[in-house]
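A quick write-up on the structure given underneath.
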Number of protein chains: 2
Amino acid sequence: MSTTSDTKTQLLDAAQELVTRRGFNAFSYKDLAEVVGIRTASIHYHFESKAKLGQALMQRYTSELEGALAGFDQRLRSEKARLEAFIGMYTDTEKRGAMCLCGSFASDLGTLPGEIADEVQAYLDRCEAWVKACLVAGIATGEFRATSKPADLAASLVAGLQGGLILARAQSGSPLLARVRRSFLQNLDA
Amino acid sequence: MSTTSDTKTQLLDAAQELVTRRGFNAFSYKDLAEVVGIRTASIHYHFESKAKLGQALMQRYTSELEGALAGFDQRLRSEKARLEAFIGMYTDTEKRGAMCLCGSFASDLGTLPGEIADEVQAYLDRCEAWVKACLVAGIATGEFRATSKPADLAASLVAGLQGGLILARAQSGSPLLARVRRSFLQNLDA
DNA sequence: GTCTATAAACTGATAGAC
DNA sequence: GTCTATCAGTTTATAGAC
């Protein structure tokens with residue numbers, strides 16, 4: 001059990017930081033090598049290509065999402081609290097001044113290898129399905145008021161959070177996601 | 001009055017297509033030169049740098065937005081119709097399988113020269129201000145029901161449209177923006 | 001206005017030594 | 001696992017001829 005992570009994990013962590021701040025096409029093996037402190041050639045030992053690195057990044061991100069959602073489901077007792085926890089993942093990212101890894105990849109989708117595009121779609125589908133289930137449950141118990149179809153509301157929240165995260169860094173004013181959160185939740189008030 | 005546009009306009013048109021499909025960092029002068037049919041060196045006669053080209057792109061885009069919004073205000077008689085027309089600009093872009101120029105730049109903001117970042121902010125501020133005014137007017141006449149502060153709703157719509165446009169290309173299912181539109185408008189139903 | 005020629009730096013990637 | 005050395009191709013940009 002070592003304090004410092006192994007090189008592969010360090011590479012994933014540094015790459016995630018670069019992708020969520022600069023974008024997949026705007027960072028290079030050189031950038032990555034400098035952060036981790038090895039040579040660019042050594043990166044190829046861990047990830048045979050930049051595309052495979054991107055794919056590994058999205059796979060880890062999606063499995064972390066799965067863990068977080070399972071935690072929310074198990075730990076929290078109201079659908080409102082679960083929704084708040086979900087939104088909280090994105091407000092945390094906003095505070096760091098970064099994008100969601102998936103949102104960053106989605107914005108580069110026109111230039112990405114198919115392997116990554118598939119992972120992006122899986123992540124988004126999972127988010128929408130979880131939010132939709134949360135809404136359906138909350139409407140059934142009377143916790144939420146149904147103003148639109150849950151599937152539409154779920155897609156709308158995911159789009160608002162991802163868009164908000166991308167636009168937040170360009171905005172002068174107050175935290176953008178706080179506004180997205182408020183208008184979404186007030187709309188559901190029973 | 002010639003049928004074919006001048007080279008500068010052709011360059012702007014081709015660059016806009018590339019930025020909204022691939023992103024600012026994912027297209028090169030070589031790509032642009034091939035589309036327009038000149039050499040890369042000739043591009044520098046019209047735009048001294050890629051940054052200046054990007055800035056010119058955003059300036060033209062913002063002034064086109066201004067024209068479109070003025071047209072909506074003048075031509076359309078209800079706030080609902082105006083909001084629909086605004087949303088329509090984005091559903092048109094979704095049909096083309098492209099991103100909004102501003103959304104594309106926003107996603108690359110961490111790597112962009114400051115001149116472009118300022119233009120991105122101006123475009124977003126203008127969108128939010130116009131939508132907010134539209135909502136305030138519609139609430140005053142009783143056309144809309146106010147579920148949240150107009151400023152929050154406006155920010156939320158802009159974020160939802162931009163996010164929806166970016167995510168739409170990764171999604172398998174039905175048009176994402178139609179869902180954003182439905183849940184936003186139903187929320188306003190008086 | 002557009003061209004050729006050229007630059008200097010960077011890109012992801014490979015071969016092979018240690 | 002990480003290194004050095006190297007590759008072929010690309011990037012934005014400049015100088016100067018036409």
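No experiment lies behind these values; they were computed from the predicted model shown. Naming convention: chains lettered A, B, ... in sequence-line order (proteins, then strands); numbering from 1 in each chain. Side chains included, hydrogens not; waters and symmetry mates left out as well; all remaining heavy atoms used.
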Is B:K8 close enough and on-axis enough to B:F47, meaning under 6.0 Å and within 45°, for cation-pi? yes
Do you know the tightest heavy-atom contact between A:L65 and A:C127? CD2-SG, 3.9 Å
So, is B:T40 near the phosphate of D:dT11, with a side-chain N or O under 4.0 Å from OP1 or OP2? no
Residues in side chain to side chain donor-acceptor pair (under 3.5 Å) with A:S148, at least two apart? B:Q186
Mind running a 4.0 Å heavy-atom check of residues 9-18 of chain A against DNA chain D and sending the residues that fall below it, in number order? none
Using heavy atoms and a sub-4.0 Å distance, could you list which residues of residues 23-32 of chain A are near DNA chain D? By number, please. none
If Ile, Leu, Val, Met, Phe, Trp and Tyr residues are connected whenever their side-chain heavy atoms lie under 4.5 Å apart, and connections chain through other members, are B:L185 and B:V131 in the same group? yes
Quickly work out the A:R39 CZ to C:dT11 P distance and round it to whole Å. 15 Å
Would one find more than 12 heavy atoms of other residues, nucleotides or ligands at under 6.0 Å from atom CZ of A:R21? yes
Report, as yes or no, whether the 6.0 Å neighbourhood of atom NZ on A:K50 holds more than 12 heavy atoms from other residues, nucleotides or ligands. yes
Of the listed C:dA15, C:dG12, C:dC3, the closest approach to the A:A41 side chain comes from C:dA15
Determine whether a donor-acceptor pair (N or O, by modelled atom type, separation under 3.5 Å) exists between the side chain of A:R82 and the backbone of A:L76. yes
Say whether B:L57 and B:V36 are linked into one hydrophobic cluster, either directly or through other cluster members, by side-chain heavy-atom distances under 4.5 angstrom. yes
Can you measure A:K8 atom NZ to D:dG1 atom P for me and round it to whole angstrom units? 10 Å
Are B:F24 and B:F105 close enough that their ring centres sit under 6.0 Å apart? yes
What's the NE2-C1' distance between B:H44 and C:dT4, to the nearest Å? 14 Å
Charged N-O contact under 4.0 Å between A:E143 and A:K80: no
Near-ring test A:F86/A:F72, centroid separation under 6.0 angstrom: no
So, taking the atom named CH2 in B:W130 and the one named CG in B:L135, what distance separates them when rounded to the nearest 0.5 Å? 9.0 Å
Distance only, no hydrogens: is a donor on one side chain within 3.5 Å (strictly under) of an acceptor on the other, for B:E119 and B:Q59? yes
Using five pairs at each end of the helix from C:dG1-D:dC18 to C:dC18-D:dG1 to define an axis, what is the angle between those two axes, to 10°? 10°
Hey, any chance A:I38 and A:V35 share a hydrophobic cluster, counting ILVMFWY side chains that come within less than 4.5 Å of each other, even indirectly? no
Looking at B:R39, I'd like to know if its CZ atom is crowded, meaning that more than 12 non-hydrogen atoms belonging to other residues, nucleotides or ligands lie closer than 6.0 Å. no
Whole angstrom value for the distance that separates P of D:dT2 from CD of A:E34: 17 Å
Quick one about A:D6 and A:T9 (side-chain donor to acceptor, distance below 3.5 Å, no hydrogens or angles considered), yes or no? yes
Within residues 45-59 of chain B, which residues have any heavy atom lying less than 4.0 Å from an atom of DNA chain D? B:S49, B:K50
Please state whether the phosphate of C:dC3, meaning OP1 or OP2, lies under 4.0 angstrom from any side-chain nitrogen or oxygen of B:S42. yes
Close approaches to DNA chain D from residues 104-113 of chain A, in residue order (heavy atom, under 4.0 Å): none
